[in-house]
Protein chains: 4
Amino acid sequence: MKRNKPKYKQIIDAAVVVIAENGYHQAQVSKIAKQAGVADGTIYLYFKNKEDILISLFREKMGQFVERIEEGIAGKQKAAEKLLVLIEYHCRHLSGNHHLAIVTQLELRQSNKDIRLKINKVLKGYLELIDKILINGVETKEFSEDLNIRLARQMIFGTLDEMGTTWVMNDQKYDLIVQAPAIHRLLLNAVGGKY
Amino acid sequence: MKRNKPKYKQIIDAAVVVIAENGYHQAQVSKIAKQAGVADGTIYLYFKNKEDILISLFREKMGQFVERIEEGIAGKQKAAEKLLVLIEYHCRHLSGNHHLAIVTQLELRQSNKDIRLKINKVLKGYLELIDKILINGVETKEFSEDLNIRLARQMIFGTLDEMGTTWVMNDQKYDLIVQAPAIHRLLLNAVGGKY
Amino acid sequence: MKRNKPKYKQIIDAAVVVIAENGYHQAQVSKIAKQAGVADGTIYLYFKNKEDILISLFREKMGQFVERIEEGIAGKQKAAEKLLVLIEYHCRHLSGNHHLAIVTQLELRQSNKDIRLKINKVLKGYLELIDKILINGVETKEFSEDLNIRLARQMIFGTLDEMGTTWVMNDQKYDLIVQAPAIHRLLLNAVGGKY
Amino acid sequence: MKRNKPKYKQIIDAAVVVIAENGYHQAQVSKIAKQAGVADGTIYLYFKNKEDILISLFREKMGQFVERIEEGIAGKQKAAEKLLVLIEYHCRHLSGNHHLAIVTQLELRQSNKDIRLKINKVLKGYLELIDKILINGVETKEFSEDLNIRLARQMIFGTLDEMGTTWVMNDQKYDLIVQAPAIHRLLLNAVGGKY
DNA sequence: GATGAATGAGTATTCATTCAT
DNA sequence: GATGAATGAATACTCATTCAT
C-alpha cells in the first residue's frame, strides 16, 4: 500500500507547501519533487498524475480533519454542543495549518472542474457530519422541528467556508478561534436552538 | 468612453456565454471574439487584457444586480423585510440568468488569486449592502444589539453563496426562489430577528 | 487553402532538411520551425500536429513523384518502356533529392504504426501505378499471361525499395541512375517480357 | 558465457512476445522483464542495454534461420533448386513464427539508425547466402553470365522482404507457402534461369 | 546472482497578445 | 477603428539504467 509509505506523505506535504507559497498555477511537479527531496520521476511511483496529488492531498487532510471532529463530537450529548465542537475544530483546523488553509480555501479552487468534482466527493463526508448533528438536534427537539436540513447544512458550511476564505484572503491576520462562540450563537439561533 | 460603446457590452455578453458553455479554462480570447462577432485584436481595443474582460464582466453584471436590490429595499421599512428582498432578489438573479449563474458561481472561481482579489473588490458593494441592512436592524432593535456585523454578513453571504453554488452544481434542477422564505427564516433567527 | 500558402511548403521543406540531417528522433518541432524561419507556434497554423507534418511531407513529395511518372509513362506505348520509365524516374527521384532520399528510405520508417499506416495509404498510388503497367503488359501479351500481378508488383516495388535503401545506407556513394537498365532487364525477364 | 544460460534465451523470447503484442515503442524493458519472469535489473546482467536485447534477438533468430537454409541447400545440385529451397524456407520461417514475423518485418524497423545498421550486419549472412547461390548459378551457366550479382541479390531479398511485410501488414491472413513456386518462377526468370 | 526503488533528461503544444495593413 | 497572422514562453510525464541490499 503506497499510501502508508513515508514518501507518499512526504510528497503531499511538499505539495501543500509549494502550492501555498507559489500559488496553484506555479506549483510545478518539479517544484513539488524538489521540496519533497525526491526526483521528479519518483512522484509518479506514488501518484498517477498531478491531479492525483491534489486530490490525494485533499482526501488525506480532509479525512483526518473529519475524523478528529467525529472523535470530538463523540463525547458530547447535546446537538448544540456538537455544533460548537464542529465550529471550534473548523477554526482551529484553519488556524493551525497556515499553508493548508491557503491551499484549501484559495488555491485548490482554481483547479479545473474534474478535480473540483472529486474534491466535492471528499467534502461530502464533512457535509454528512453536519447533517448528522442537525438531524440529531431535530430529533431531540433541541432544534426547530420543521428545520430544512439541506438549507441549514448549506448555511452552516457556507458560513464557515466564507469565514475561512475571508480570513485567509486577509492574510490570516486576526484570531479565528476566538470567534467560534459568536459563530456558534448565530448558527444555533438560526436552527432554533437555545444555549 | 469605451464602456458605453455597443461592442463593449457585446464582448462581455459573449464572454458570459463562452465561459458558461465551455468552462473557464476553455474560454479562449479567440472563442470570445468569435462569439462576439469581432476579430481577436478588436477585443484589445476595448479591454486591456483577458483579465480585464473577466473583471469588467463581473463589475457590470454585479453592479446591475446591486442596483436593483437597492431599489427593492428602498420601499421597505423593516430590516427583516429588507433582508427578505435581498434573499429573494439573490435567488431570482441566479434563477433568471442561467449562463451568468454558472459563470459567477462556478467558472470565475477558477481564476487566479489576482483576479479573485479584484472580483472581491467588486463584491464589496454587495457586502456593504448586507452590512447596511444589519446595522439598520440593530439600530432599530429588530436584531440582537450585540450582533457581530462582520460575522453576520459572512453568514448571510456565505449561506446565499453556498446555496447558489450547490444549486448550479446540481444543474439548477430545483426551484431556488421557493426556498427564499425558509432561508429568510433561518438567517433572521440567527440575527435575533422576529417575524 | 493552407496547402497552397508559401509557409506550408516552406515548413515541409524545412522538415525534410531537419529530419535528414538530425535523424527522425532528433527532429524536434522547434528545430523544424527554426529551419523554416518561423515561430514554433506558426507550425500549428498549418499543421494539426507533428505527425501531420510528416504525413503531409510524404503526401506532397510522393504525390509529385507519382504525377511525374504518370506523365513520363503517358508518352510510351509498350509496357516494357513504361516499366523502364518507372525505374529510371525512381532512380532519378532518389538521386536528385539527397535529403528526401534519406528521409523516405530511412528516417520516416522509424515512425510509429499510425504514421506508417497513413504513409502506406499514400504509397498505394505508386503501387497502383505499377499494377497498371503490369496489367497493360499482360493484356498486350508483352508479359506472361499467367502473371501473378500482386506478386510481380511486390517484386518490382521490393526490388526498387531495397535498392534505394541499400544505396542510402551506403551514403549514396555510387551512381544509382546507371543501374536502371540492368534493373529493368532483370524485372522484365521476371515478368516474361522481351527487349 | 551468458548466451548459453537459460535466462538469456528466456529474455529474448520474452522480448519477441512483448514487441509483437505491444509494438516496438510500447515494449519497455520492464514489460520484457515481467514477461520473462525476472526483475528489471536482471536484464542488465545478460544484456548491455536495451539495444543489445534487440540486436541479440535478431542475431539469434536470424542465425538459426540461415543455418537451416544452408542445411536445406546442401542437398541440392542445381542453383535453381537452391533458390527454391531458400524461398520456401523464407516463407515457412515467416509462416511458422507468428510473433517473430511481426517483430522482424514490422516492429524492429522502427528502431533507430544505429540499431538498423547493426541488424544489417546480421543480415549480411543471409545476403551472402543468396550471393553464393547466384554465383554458383552463373558459374554453371544456369543463370545469365552477365548477371549483376549485387542487383540480383537486392531483387531477391527485396522481393521476399516486401512479400513478407505485406503479408504481415495484412495480418498474415493468406497462405504464404503456396506462393513460393510462383515467386520462384518470377525470380528465376529474372536471373535468366530455366525450369 | 537477483532485486526493484529511485533517478532525471527531454519536448510537443497552447493561447494571450501584438502590429502591419 | 478593425483585422487576424504571427509570435514564443512554459511544463507534465516516461522509461532506460543504476546500485544498495
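Residue numbering restarts at 1 for every chain, and letters A, B, ... go by the order of the sequence lines. In this text the structure is predicted, and so the values were computed from the model without any measurement. Keep in mind that the numbers below use all heavy atoms, side chains included, and drop hydrogens, waters and symmetry copies.
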Q: Taking only residues two or more places apart in sequence or in another chain, which ones pass salt bridge (Lys or Arg N to Asp or Glu O under 4.0 Å) with C:R109?
A: C:D161
Q: What is the distance from NZ of D:K34 to P of E:dA5, rounded to the nearest Å?
A: 12 Å
Q: Hey, is the side chain of C:T42 poking within less than 4.0 Å of OP1 or OP2 on F:dA6, counting only N and O atoms?
A: no
Q: Distance check, rounded to the nearest 0.5 Å: A:K113 atom NZ versus B:Q26 atom CD?
A: 10.5 Å
Q: Relative to the 5' end of DNA chain E, which residue comes earlier, D:K7 or A:K7, by the nucleotide with the nearest heavy atom?
A: D:K7
Q: Do B:L57 and B:L100 have side chains that get closer than 4.5 Å, going by heavy atoms?
A: yes
Q: When the distance from OH of C:Y8 to P of F:dA5 is rounded to whole Å, what number comes out?
A: 17 Å
Q: Have a look at B:Y46 and say if it touches a base, only the backbone sugar-phosphate, or nothing, with a 4.0 Å heavy-atom cut-off.
A: sugar-phosphate
Q: Whether the side chain of B:K7 engages the backbone of B:Y46 through a donor-acceptor N/O pair (distance < 3.5 Å, no angle test) should be reported.
A: no
Q: According to side-chain hydrogen bond (donor to acceptor under 3.5 Å, both in side chains), who are the partners of A:Q10, at least two apart in sequence or on a separate chain?
A: none
Q: Heavy atoms within less than 4.0 Å of DNA chain F: which residues of residues 106-122 of chain A have one? Give them sorted by number.
A: none
Q: Going by heavy atoms in the side chains, are D:Q172 and D:I102 under 4.5 Å from each other?
A: yes
Q: Could you work out, with side-chain hydrogen bond (donor to acceptor under 3.5 Å, both in side chains) as the rule, every residue matching A:T165, not counting sequence neighbours?
A: A:Q105
Q: Taking only residues two or more places apart in sequence or in another chain, which ones pass salt bridge (Lys or Arg N to Asp or Glu O under 4.0 Å) with B:D13?
A: B:K61
Q: Stem finding on DNA chain F, please: runs of three or more consecutive Watson-Crick or G-U wobble pairs, both distances under 3.5 Å, sorted by first number.
A: E:2-21 with F:2-21
Q: Could you tell me which residues satisfy ring pair (Phe, Tyr, Trp, His ring centres under 6.0 Å) with C:F65, sequence neighbours excluded, listed by chain and number?
A: C:H90, C:H93, C:Y126
Q: Can you name the residues that form a ring pair (Phe, Tyr, Trp, His ring centres under 6.0 Å) with D:F47, not counting sequence neighbours?
A: D:Y8
Q: Rounded to the Å, how far apart are A:D52 CG and F:dA12 C1'?
A: 14 Å
Q: With sequence neighbours excluded, what pairs up with B:Q35 under the side-chain hydrogen bond (donor to acceptor under 3.5 Å, both in side chains) test?
A: none
Q: Quick one, which residues of residues 9-26 of chain D touch DNA chain E with a heavy atom under 4.0 Å?
A: none
Q: CD1 of B:I53 versus P of E:dA16: gap in Å, rounded?
A: 9 Å
Q: Just the table, please: protein N/O against nucleotides 17-21 of chain F N/O, every pair under 3.5 Å.
A:
{"residue": "F:dT17", "atom": "OP2", "partner": "D:Y44", "partner atom": "OH", "Å": "3.0"}
{"residue": "F:dT17", "atom": "OP2", "partner": "D:K50", "partner atom": "N", "Å": "2.9"}

Q: What pairs with A:T42 under side-chain hydrogen bond (donor to acceptor under 3.5 Å, both in side chains), at least two apart in sequence or on another chain?
A: none
Q: Considering every strand and a 4.0 Å limit on heavy-atom distances, what is the contact class for D:K31: base, sugar-phosphate, or nothing?
A: nothing
